[in-house]
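Here the structure comes first, spelled out in structure tokens, and everything after it is commentary.
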Amino acid sequence: MLSHSPHFQESLDKRKEEGTLRCLKLQSDGIDFYSNDYLGLAKSKDLQHLMLEKVINSPQLLSGSTGSRLISGNSDMAVSVEKDIAQKHQFESALLFPSGYNANLALFSTFPNRHDTVIVDEQIHRSVHDGCKLSNAKKLKFKHNDTEDLENILKRQEGHCYIAIESVYSMEGDFAPLQEIASIASTYKASLIVDEAHAFGVFGYGLIEKLQLQNHVSAVVVTYGKALGAHGAAILCNETVKSYLINFASPFIYTTSTQDFQWMSIKTGYEFLDQNHELAEKLQNNIKVFRSRKLKSPSAENSPVQAIVIPDNQKLKELQNILSGEGLLTYAIYSPTVKEGSERLRICLHSFNTEEEIIKLTGIIKEFI
Ligand SMILES: Cc1ncc(COP(=O)(O)O)c(C=O)c1O
């Protein structure tokens, strides 16, 4: 029998006892209040047909890329999609990655050196923490969205600092004070990096583009697995930063490039998004319906992620089970993924949810709490 460390079983048993054991489940049938498919593009038959047409005309899109982009894996498709993306977001350049996780890993393992400090919002995505672990930089956390705390930390640092934030936070569903943080970064000559995973597509091309903050950031990450219904990510930056990543980012260099199909699906997704602005409007209408039901939530008024704090793992599980019994699929986030006492039901709203579905969902939650 293959052996493993005895602590594996102990850790799994502990999670089981606490009711927090993770396991892979097939998607259940039901009303989607849990996926990141905010605009329904992952289900769109029209988008599927557009991609299918391109594949039929060019079946080579489906084949492997044969190597790292620095050896045999680069392609006209990758280069032209990067050019388009940079232009759309009004950045000098863009660099594609197979996922947002990979993009953050590349950025945070490569940008800071061992004399630098990365200051992250305490709710930053795990991929940023993992990237920092691969660098030898010091990492400090500032209190969620607390600019005073951020400034106090910056004041005490000696080397170069990087600030890592998300424009829309995935657990809390609130916004970062982007303009204020950009101004603090400029005062302390720190480099600002913004992850737009949950803003891209929901708020046009993201909040950096909306607020025209392109010249105030070192890099922005946009991901395509959420509102675009596809897969992948791009780092938006200037030419020097792109060249630095191509030369020094291990997660970019030492891996076989993604097949052209993925880059094509991103390109087609952008075209679809540009022609279907009403989807983001429908989503905003549904968020309004949800908010009109007056459930207590730390999330922003117009955020696609609405969190309902149920500060007890068992109670939270009970509510989630009641909802799923009614065919309403939500996602429960237990401690230790979030701090003890802030366990929550994470509700994702979509353009395709109906008013009746939202009223049913909120009605059950109201009755429970
Ligand atoms: C804020 C944030 N950044 C990055 C990622 C990772 O993106 P991807 O799912 O494309 O790897 C996610 C998704 O979980 C996310 O929520």
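Note that ligands are numbered from 1 as they come in the structure, with each ligand's atoms numbered from 1 the same way. Residue numbers start at 1 and run along the sequence shown.
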Exercise. Mind listing the closest non-hydrogen atom pair of A219 and L107 along with its distance?
Key: CB-CD2, 4.0 Å
Quiz item: Is S99 touching ligand 1 with its side chain, its backbone, both, or neither, if touching means heavy atoms under 4.0 Å apart?
Solution: both
Quiz item: Is it true that R126 and D130 make a salt bridge, defined as a side-chain N closer than 4.0 Å to a carboxylate O?
Solution: yes
Self-check item: Heavy atom of the protein closest to atom 9 (O) of ligand 1 (residue, atom name, distance)
Solution: K226 NZ, 3.9 Å
Quiz item: If you look only at pairs with a residue in residues 201-243, which of them pass as a ring-ring contact (aromatic ring centres under 6.0 Å, His included), with sequence neighbours excluded?
Solution: H89-Y205, F175-F203, F200-Y224, Y205-Y270, Y224-Y270
Practice problem: Check ligand 1 against A197 and write out every atom of the ligand that is under 4.0 Å from a heavy-atom position of the residue. | Solution: 1 (C), 2 (C), 3 (N), 15 (C)
Quiz item: Considering only the protein, which heavy-atom contact is closest to atom 8 (P) of ligand 1, and what is its distance?
Solution: G100 N, 3.4 Å
Quiz item: Looking only at protein heavy atoms, which one is nearest to atom 16 (O) of ligand 1, and how far off is it?
Solution: H198 NE2, 2.7 Å
Self-check item: Salt bridge K143-E122, side-chain N to carboxylate O under 4.0 Å
Solution: no
Quiz item: Are any of the heavy atoms in G225 under 4.0 Å away from ligand 1?
Solution: no
Quiz item: Tell me: protein heavy atom nearest atom 5 (C) of ligand 1, and distance?
Solution: H125 CE1, 3.5 Å
Quiz item: For residues E180 and T147, is any side-chain donor paired with an opposing acceptor at under 3.5 Å?
Solution: yes
Exercise. Look at atom 4 (C) of ligand 1 and say which protein heavy atom is nearest, naming residue and atom and giving the distance to 0.1 Å.
Key: D195 OD2, 3.5 Å
Quiz item: Any idea which protein heavy atom is nearest atom 11 (O) of ligand 1, and the distance to it?
Solution: Y101 N, 2.9 Å
Quiz item: Do you see a donor-acceptor pair shorter than 3.5 Å between the side chains of R291 and Q306?
Solution: yes
Self-check item: Residues S299 and D174: side-chain donor-acceptor under 3.5 angstrom
Solution: no
